[in-house]
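Below is one structure, written out as structure tokens; the observations come after it.
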Amino acid sequence: VTRTIAFFTDFGSQDIYVGQLHAAAKKTGSDCPLVDLFHDVNSFDIHAGASLLAAMLDYLPHNAIVVGVVDPGVGGKRLPIAVELGERWLVGPDNGLFSRSVAWSTSEAQYWTLESPIGIAKTFHGRDVFLPVAIDLADGELGQIRRVEDAGDISTHRAAEEIEGDDQRVIHVDHYGNLISGIRGVAIAPHQNIVIAGRVLAHADYYERVPVGECFWYVNSIGLLEISANQASAARALNVKG
Amino acid sequence: VTRTIAFFTDFGSQDIYVGQLHAAAKKTGSDCPLVDLFHDVNSFDIHAGASLLAAMLDYLPHNAIVVGVVDPGVGGKRLPIAVELGERWLVGPDNGLFSRSVAWSTSEAQYWTLESPIGIAKTFHGRDVFLPVAIDLADGELGQIRRVEDAGDISTHRAAEEIEGDDQRVIHVDHYGNLISGIRGVAIAPHQNIVIAGRVLAHADYYERVPVGECFWYVNSIGLLEISANQASAARALNVKG
Amino acid sequence: VTRTIAFFTDFGSQDIYVGQLHAAAKKTGSDCPLVDLFHDVNSFDIHAGASLLAAMLDYLPHNAIVVGVVDPGVGGKRLPIAVELGERWLVGPDNGLFSRSVAWSTSEAQYWTLESPIGIAKTFHGRDVFLPVAIDLADGELGQIRRVEDAGDISTHRAAEEIEGDDQRVIHVDHYGNLISGIRGVAIAPHQNIVIAGRVLAHADYYERVPVGECFWYVNSIGLLEISANQASAARALNVKG
């Protein structure tokens, strides 16, 4: 069975870290497929990352292994964990990044803790701790991870239990200027208007349904409420910053 | 036979869309090679994309399948098409993005229409319509595409027939500040000077042929007329914006 | 034996060049793994690239082949070379980009010169000269390269011999605002303070060891002295530009 490893980080697609993940994977001799799902989560923004990852999860292969890293506490006390979610795994810090994925999943999460190898860099656990575990899992081996008896010991689990409703914020402004919220579209009827930045916006199915430059809302391709403008930047039109 | 799928889009290499293309490909179980040819066409700029793609096409494997998406009309009335161009295929919207590729090719184009799967997102046909067809083609299957009897029904074909001469504009300003035009270099003799932004520029073979900071023109590595400066930004020197 | 080809360039991850490297590799029929180690070296900055590449080299597979291109003199008189460094190879311009890698290596470098194919573009040797040689090497063939008898003929060798100490400059400002110097961390005791931009900074092991926003220095994940701030941008705090 081939399992894909998908990276989801704030490492920056233009920076020196993503290439090192790929190099480290090749260095192990593994030839499992690697996908750069997204590397430009706003730096340190665990909350935005949590909703975005949860929304993108269903678009990954059913048995994908996610290495998810938005980790301002790297090197400190937060645990390194692996979360088993149906056939998928999430490997990364126990800081809440995986909480929405757990909360939105129909599968019950199983938690595992990782052992950090000795003598590694304290500031690049993506490369030195999480990736090696993901590669073991992709090879069908549990390696050095250990099952957690009491899920209550895991911050991710507690955060998932405490979630009340979706994140109402804009969690990502894309390069077209579309504003992606943390609100799942299933909860909203198309005849509803929404209010953002003091403006009332109506629903439209897609861009050409409104005049060029006009803003509207719709449910986007990962199931989230998004505000767009036809062939224009909604961010600029509404003066919202990314 | 292994066939490479090459992506050419305005999805943005720093955004959330490219990773989803790769994830969706892996989700089908396909292991065909994927190449991110270019993802930073200026947003919605079909014309710039058309010349750039046509110029890059010859540098792809002879049997490559291009998923080309610059598609402000996604979800609307423009057709989803596949263009057979010799052994290569181009899959994407029928909005003119492929018109220069057709016009510049020595092979006659054959057109096919796609069926959009039911219940897909209306705003990400790259992932949900074009990519699945490309994967079928890479696997040697025609899948759900249907041959077009009358090429005149296809906008791309009509646009290709109406093209008169090359695009004289700057179609891409690269990150060094080089200005890439839509003009094919074969048409220009090296002793000719060119005029841009009120300045007369002479030809040089490569950067070191002129003093540091000086602008010149040459035929670039994809056959287009390009304006550069030696170890400096021609865009800044000539005050041209990308 | 599978050998990975790793790219290290100033081609820009958002630009039209990286995709062409990948396409050209696929066009040869090679299926050797390709890693985009880093493509955003500051344009033309050979010195910054030299230290950064040398520091990252150990994190590549032991038999990796690097195509390294920061090459403002492309098309001119500088030689195209291949450097054999233990089991790894570096392929690129003889302009000093590989000098730190040679100087910091415990293996003695062997130098080879390449022949440029006839009729190629004068401005994209990464695609047309260096990559084909790297693919030959990955396939276990020496192809058209020729062993250099006298290392003194090679600029890279002379530059490596003349290096005195590490590069004290900031060679990379990452997207978090961390300042990466060219100074190897092995030479510095943790109790030492360092001075940058008129500020005295103490050592800390990792981010959470200091208050949010405070700057400190540490040895980063590729062994270089780096200045960071906890959950903030050291570049902004110290007013240092990238």
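Just so it is clear: chains get the letters A, B, ... in the order the sequence lines come, proteins before strands, and each one is counted from 1.
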Exercise for the section: Among C:L97, C:I81, C:L90, find the one that has a side-chain contact (heavy atoms from CB on, under 4.5 Å) with C:T156. Expected result: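 Considering C:L97, C:I81, C:L90, a side-chain contact (heavy atoms from CB on, under 4.5 Å) with C:T156 is found only for C:I81.
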
Problem - Atom group of A:D128 that falls short of 4.5 Å from chain C, counting heavy atoms - result: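 Contact with chain C is absent: no heavy atom of A:D128 under 4.5 Å.
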
Problem - Portion of A:F11 that has a non-hydrogen atom of chain C nearer than 4.5 angstrom - result: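 Interface part for A:F11: both.
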
Exercise for the section: First locate atom CG of C:L34, then atom CG of C:L21, and finally report the distance between them rounded to the nearest 0.5 Å. Expected result: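 If I round to the nearest 0.5 Å, the distance is 9.0 Å.
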
Practice task
Could you grab the distance from atom OG of A:S51 to atom CD1 of A:I46, nearest 0.5 Å is fine?
Solution key: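 Rounded to the nearest 0.5 Å, the OG-CD1 separation comes out at 12.5 Å.
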
Exercise for the section: Residue by residue, scan residues 22-29 of chain A and write down, ordered by number, those that have a heavy-atom distance under 4.5 Å to chain C; if none do, write 'none'. Expected result: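 When heavy atoms of chain C are the reference, residues 22-29 of chain A contributes A:H22, A:A23, A:A24, A:K26, A:K27 within the under-4.5 Å range.
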
Does [X] use its side chain to pair, donor to acceptor, with the backbone of [Y] at less than 3.5 Å?
X: A:R146; Y: A:T113; result: no
X: C:D166; Y: C:R184; result: yes
X: C:S181; Y: C:L225; result: yes

Exercise for the section: Give the ring-plane orientation class for C:H203 versus C:W217, where under 30° counts as parallel, over 60° as perpendicular and anything between as tilted. Expected result: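 C:H203 vs C:W217 ring planes: perpendicular.
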
Problem - side-chain hydrogen bond (donor to acceptor under 3.5 Å, both in side chains) between A:D40 and A:S13, worked out - result: CA-CA 6 Å; A:D40 294 284; A:S13 54; 2.7 Å; yes

Based on non-hydrogen pairs under 4.5 Å, which of [options] is most in contact with chain A?
options: C:Y59, C:Y218, C:F8; result: C:Y59
options: C:I180, C:D36, C:D174; result: C:D174
options: C:T2, C:V41, C:N230, C:L60; result: C:L60

Handout entry: Heavy-atom pair count under 4.5 Å with chain C, highest-scoring of A:Q20, A:K122, A:K77
Key =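 So the answer, after comparing A:Q20, A:K122, A:K77, is A:K122.
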
Practice task
Check each atom of C:H175 against the heavy atoms of chain A and say whether the ones under 4.5 Å are side chain, backbone, both or neither.
Solution key: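 It is both, since atoms from each part get that close.
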
Handout entry: Contacts of C:A229 that satisfy side chain to side chain contact (heavy atoms under 4.5 Å, CB included) - sequence neighbours left out
Key =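 Listed in chain order: C:C215, C:A232, C:A234.
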
